[in-house]
Structures are given as structure tokens and as C-alpha cells.
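Input: a single structure, listed below in C-alpha cells.
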Amino acid sequence: LVTLVSLLVGPAAREFLVEISGTTVTITCPLTEGNIVWELSGRKAEGSDQKHTIQDHDSSPANVSCSSGSDKYEMYLNARVCANCEELDALAVTGIITADLLITFGVLILVYYFSKDRKGRASASAGSRPRGQKMQRPPPVPNPDYEPIRKGQREVYAGLESRAF
């Protein structure tokens, strides 16, 4: 029964747990029994607990190992820390994103609503006149070279005879 439990729980229990808060890094060793010896980049660290805390970490990479008797676990720690950073939980991040999206969609709806009303309105400037929806254009100004023949003006065109071919 002990072998079965160790096979089921074993891989999950054999990982380091790293917690970062500000410039403090807390590492939990997968070993649970015995006197645990910690080494950071080849130097022995103080403490023999399952958890090791590094105060004022400078974000430099380090090789971390914990051992107890013949068991030894090693890991490469490359943790970036920040002294002035604020920690946000998932609920706060979700709230910020949701509020941003709601405000953005609200502004879009307002812009659409106000721009839709102005399409059909006539402008209030003095030089403009209201136009109907299907206003016809006035006829083009006739070219004086191509005026139509009107009654009483036939003598203008009397000299133009059709030619026989």
C-alpha cells in the first residue's frame, strides 16, 4: 500500500515550490524528512527546514539544491524580483479587464448613437440649404454653340443645306 501511494503521489511531491513576494523568494524542498541541507550556487545556506527563504534577492540566476542523507534535489532558479511591484490576485486582474472592456464598449455605443443622429440632419450654417432625400440636379447650362432651333430663328440655320453625296 505504501508503494502504491508513493507511485501515485510521488511525481507531484518531488517538485520544488517557489513563492515570490517583492524581493523575497521562498523555496520549499520536496524532501519532507530528516535534516535538510540547502546549497545556493555551491555554498551551504543556513537553516535545516523544508522551506528556505532568500531575503533581498537580486534576480541573479542561482543553482539551488536541498539534500537529506543520500537524497538530493537540484534546481536552477532564475527568479525576477521587483522591490516596487504590486501584487494583484486573479480577481483584481479580471475586474480591471472587465471594467476596461465595459467602458470601451460604452464609448463606442455613445459615438455610434450620436453620429447616427447627425447623418440625416441639415447643417445649421447660413450658406447651406436643406436638401430632400432624392433631390434632382438642375439641368446643365447649355452650350451656346449647340442651341436647339427655336421658332422664329430658322434664318440662322437657313444657310446650312444638306449635301448630296
Side-chain angles (χ1 to χ4, degrees), residues 1-140:
L1 183 64
V2 172
T3 307
L4 182 62
V5 170
S6 67
L7 287 175
L8 292 176
V9 180
R14 295 177 200 251
E15 295 178 355
F16 283 93
L17 177 67
V18 179
E19 299 171 21
I20 301 171
S21 177
T23 58
T24 304
V25 179
T26 304
I27 307 166
T28 305
C29 183
L31 296 171
T32 57
E33 299 170 354
N35 189 17
I36 297 175
V37 178
W38 288 92
E39 285 185 29
L40 297 170
S41 299
R43 290 175 294 170
K44 293 196 182 229
E46 296 178 9
S48 60
D49 295 338
Q50 186 181 2
K51 288 187 175 190
H52 180 70
T53 304
I54 304 171
Q55 297 289 338
D56 298 325
H57 184 59
D58 58 355
S59 297
S60 60
N63 290 318
V64 179
S65 66
C66 65
S67 60
S68 175
S70 62
D71 294 331
K72 184 174 185 178
Y73 290 94
E74 296 179 343
M75 96 168 170
Y76 179 74
L77 178 68
N78 191 8
R80 302 246 179 222
V81 296
C82 178
N84 299 326
C85 297
E86 291 292 327
E87 294 182 30
L88 295 176
D89 58 343
L91 185 62
V93 172
T94 304
I96 291 170
I97 292 172
T98 303
D100 182 39
L101 289 175
L102 287 175
I103 290 170
T104 302
F105 285 132
V107 169
L108 285 175
I109 289 170
L110 286 172
V111 168
Y112 173 75
Y113 175 74
F114 285 115
S115 68
K116 185 176 82 168
D117 284 348
R118 293 192 179 184
K119 281 183 186 173
R121 284 190 199 160
S123 66
S125 64
S128 67
R129 57 188 168 119
R131 301 179 82 162
Q133 191 171 2
K134 292 186 178 180
M135 182 89 174
Q136 292 182 357
R137 281 195 234 162

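We count residues from 1, following the sequence as given.
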Can you name the closest pair of heavy atoms from [X] and [Y] and give their distance?
{"X": "C29", "Y": "I36", "answer": "SG-CG2, 4.3 Å"}
{"X": "D100", "Y": "T104", "answer": "O-OG1, 2.8 Å"}
{"X": "P61", "Y": "N78", "answer": "CG-OD1, 3.9 Å"}

In Å, rounded to the nearest 0.5 Å, how long is the span from [atom1] of [X] to [atom2] of [Y]?
{"X": "I103", "Y": "L108", "atom1": "CD1", "atom2": "CG", "result": "12.0 Å"}
{"X": "H57", "Y": "L40", "atom1": "NE2", "atom2": "CG", "result": "9.5 Å"}
{"X": "T24", "Y": "D56", "atom1": "OG1", "atom2": "CG", "result": "6.5 Å"}
{"X": "Y73", "Y": "I27", "atom1": "OH", "atom2": "CD1", "result": "16.0 Å"}
{"X": "S65", "Y": "Y76", "atom1": "OG", "atom2": "OH", "result": "15.0 Å"}
{"X": "Q55", "Y": "T26", "atom1": "CD", "atom2": "OG1", "result": "7.5 Å"}

- [ ] Please test Q50 against L31 for side chain to side chain contact (heavy atoms under 4.5 Å, CB included), starting from the C-alpha separation and ending with a verdict.
- [x] CA-CA 7 Å; Q50 186 181 2; L31 296 171; over 6 Å; no

TODO: With sequence neighbours left out, write down each residue that passes salt bridge (charged side-chain N to carboxylate O under 4.0 Å, His left out) with E74, or none if nothing qualifies.
DONE: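 E74: salt bridge (charged side-chain N to carboxylate O under 4.0 Å, His left out) contacts with K72.
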
Task: With K51 via salt bridge (charged side-chain N to carboxylate O under 4.0 Å, His left out) - residues at least two apart - done: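 Partners of K51 under the salt bridge (charged side-chain N to carboxylate O under 4.0 Å, His left out) test: none.
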
Task: Note, C66 side chain near P30 side chain (heavy atom, < 4.5 Å) - done: yes

TODO: Determine whether V64 and H52 make a side-chain contact, defined as any pair of heavy atoms from C-beta on separated by less than 4.5 Å.
DONE: no

Open item on the list: Looking at F105, I'd like to know if its CZ atom is crowded, meaning that more than 12 non-hydrogen atoms belonging to other residues, nucleotides or ligands lie closer than 6.0 Å.
Closed with: no

